[in-house]
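The structure appears right after this line, and notes come after that.
All heavy atoms count here, side chains included; hydrogens, waters and symmetry mates do not.
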Amino acid sequence: MIDCMIKHGQFCPVAKSAEIFGGRWSPLIIRELSVGPRTFGELLEALPLISRTVLTQRLKELTLAGVVAANAKEKGRGHLYNLTPAGEDFRPLIVMMGEWGKRWGQGLIGPDDLDPKLLVWGLRGQIDPADIPSREFVLRFDFRGVPKENRNPRYWWLLLRQDDIEVCLKNPGKEVDVVVDADLGAFTKVWLGYAGLKEALASGLIKLCGSSRAVAKMRRMLKLSSEPTTKSFAYPSLSPSIAHAR
């Protein structure tokens with residue numbers, strides 16, 4: 001049975017907002033669209049536990065509410081989904097939820113919450129293009145401790161260019177500047193700021209292979225702090241790009 005939008009039967013503006021934003025998966029769909037247009041398949045990739053039926057229903061509800069626009073793709077079948085001006089006004093709520101989660105939710109992260117794909121896409125979305133070198137910079141991630149239930153690969157590549165950042169699932173055949181060999185849980189906590197990179201390096205949970213200059217650039221781009229720190233995450237609008245290198 002499809003879990004339809006909850007109606008509160010109140011004219012209160014808070015109730016009306018909650019009917020749209022408070023449904024299961026709706027905040028996460030809006031979170032994904034906050035960083036740029038997405039296809040249906042890309043939303044399924046970003047939300048691995050949602051079913052096609054529920055995602056279809058949620059997109060229909062958000063479209064009818066004027067929060068999401070569905071535009072036919074210029075090439076091929078299907079639609080490209082993006083936030084309308086009304087949807088963009090939810091962006092501060094996404095940021096505030098992220099801030100609350102960082103402050104109060106770090107103890108709620110368990111093994112089942114770890115996902116290398118979501119982590120790499122999260123890294124991509126938070127990189128400031130101004131920090132990317134003028135030439136292409138390549139990162140490779142070798143994750144250890146990936147939950148057995150998670151079927152995503154342990155090896156990932158980020159190809160960073162000032163005009164685009166590609167996520168590669170297979171070796172792109174390019175010279176790698178830095179290899180990040182890390183326990184998935186440890187790296188996730190360091191990136192979120194819950195743990196410091198210094199201690200993770202000392203314990204061997206994270207290893208960085210590359211020249212000292214390249215490692216310094218990587219740390220700056222990914223904003224990896226030596227000590228635990230309170231981090232703020234932005235949701236800039238970026239065009240999604242994923243490459244399956246042959």
Side-chain angles (χ1 to χ4, degrees), residues 25 28-29 31-32 34-36 38-39 41-51 55 98 101-102 105-127 132 137-160 164-174 176-197 199-201 203-210 214-215 217-219 221-225 228 231 233-235 238 240-246:
W25 298 111
L28 299 188
I29 293 172
R31 178 200 67 188
E32 290 304 308
S34 291
V35 294
R38 292 283 192 266
T39 64
E42 287 167 342
L43 288 170
L44 278 178
E45 287 288 321
L47 306 169
L49 296 184
I50 196 172
S51 69
L55 178 57
K102 284 184 297 180
Q106 57 178 293
L108 302 178
I109 297 178
D112 293 341
D113 297 320
L114 300 176
D115 189 319
K117 176 174 66 177
L118 296 183
L119 175 59
V120 173
W121 275 97
L123 293 171
R124 179 193 183 276
Q126 294 300 317
I127 294 174
I132 300 176
F137 195 92
V138 180
L139 296 175
R140 191 183 85 202
F141 296 89
D142 299 355
F143 290 121
R144 294 174 270 116
V146 178
K148 293 181 179 180
E149 298 78 11
N150 192 301
R151 298 182 180 180
N152 287 312
R154 58 174 291 188
Y155 300 103
W156 296 79
W157 287 260
L158 276 180
L159 278 56
L160 296 97
D164 189 28
I165 302 174
E166 288 187 59
V167 176
C168 295
L169 306 180
K170 297 181 180 179
N171 191 340
K174 300 193 176 189
V176 176
D177 292 281
V178 178
V179 174
V180 179
D181 181 353
D183 174 82
L184 178 60
F187 191 84
T188 298
K189 291 179 179 179
V190 168
W191 180 64
L192 290 171
Y194 299 160
L197 180 61
E199 182 176 349
L201 290 172
S203 65
L205 289 173
I206 296 177
K207 299 178 182 179
L208 304 177
C209 303
V215 169
K217 289 181 180 179
M218 182 275 298
R219 290 187 58 179
M221 287 187 288
L222 301 188
K223 301 177 179 62
L224 303 180
S225 176
K231 297 180 67 173
F233 292 95
Y235 292 88
L238 298 172
S241 175
I242 184 165
H244 298 260
R246 296 178 180 177

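From L224, atom CG reaches atom CG of L201 across 9.0 Å, with rounding to the nearest 0.5 Å. The distance from the CH2 atom of W191 to the CG atom of L123 is 5.5 Å, given to the nearest 0.5 Å. One distance of note links CG of L55 with CG of L28; it measures 11.5 Å at 0.5 Å rounding. Interatomic distance, E42 CD to E45 CD, rounded to the nearest 0.5 Å: 8.5 Å. Note that the NZ atom of K170 and the OH atom of Y155 stand 15.5 Å from one another [nearest 0.5 Å]. R144 CZ to L205 CG: the interatomic distance, rounded to the nearest 0.5 Å, is 7.0 Å.
The main-chain N or O of G196 is never found under 3.5 Å from a side-chain atom of E199 such that the two would form a donor-acceptor pair. In this structure a side-chain-to-backbone donor-acceptor pair under 3.5 Å is present from R154 to F143. Between the side chain of D177 and the backbone N or O of V138, at least one donor-acceptor pair lies under 3.5 Å. Side chain of R124 to backbone of I165: a donor-acceptor contact under 3.5 angstrom is found.
Counting all heavy atoms, side chain and backbone alike, W156 lies closest to P116 at NE1-CB, 3.6 Å. Minimum heavy-atom separation, P147 to L184: CD-CD2, 4.1 Å. Closest non-hydrogen pair, F141 versus L222, comes out as CZ-CD1, 4.2 Å. Here the closest heavy-atom approach between residue D183 and residue G145 is recorded as OD1-CA, 4.1 Å. Here the closest non-hydrogen pair linking A46 and E32 is CB-OE1, 3.4 Å. Of all heavy-atom pairs between I206 and L208, the closest is CG2-CD2, 4.0 Å.
Here the side chains of K174 and W157 are not in contact, with every heavy-atom distance at 4.5 Å or above. Counting heavy atoms from C-beta on, the side chains of V167 and L158 come closer than 4.5 Å. At a threshold of 4.5 Å between non-hydrogen side-chain atoms, the residues L44 and I50 count as touching.
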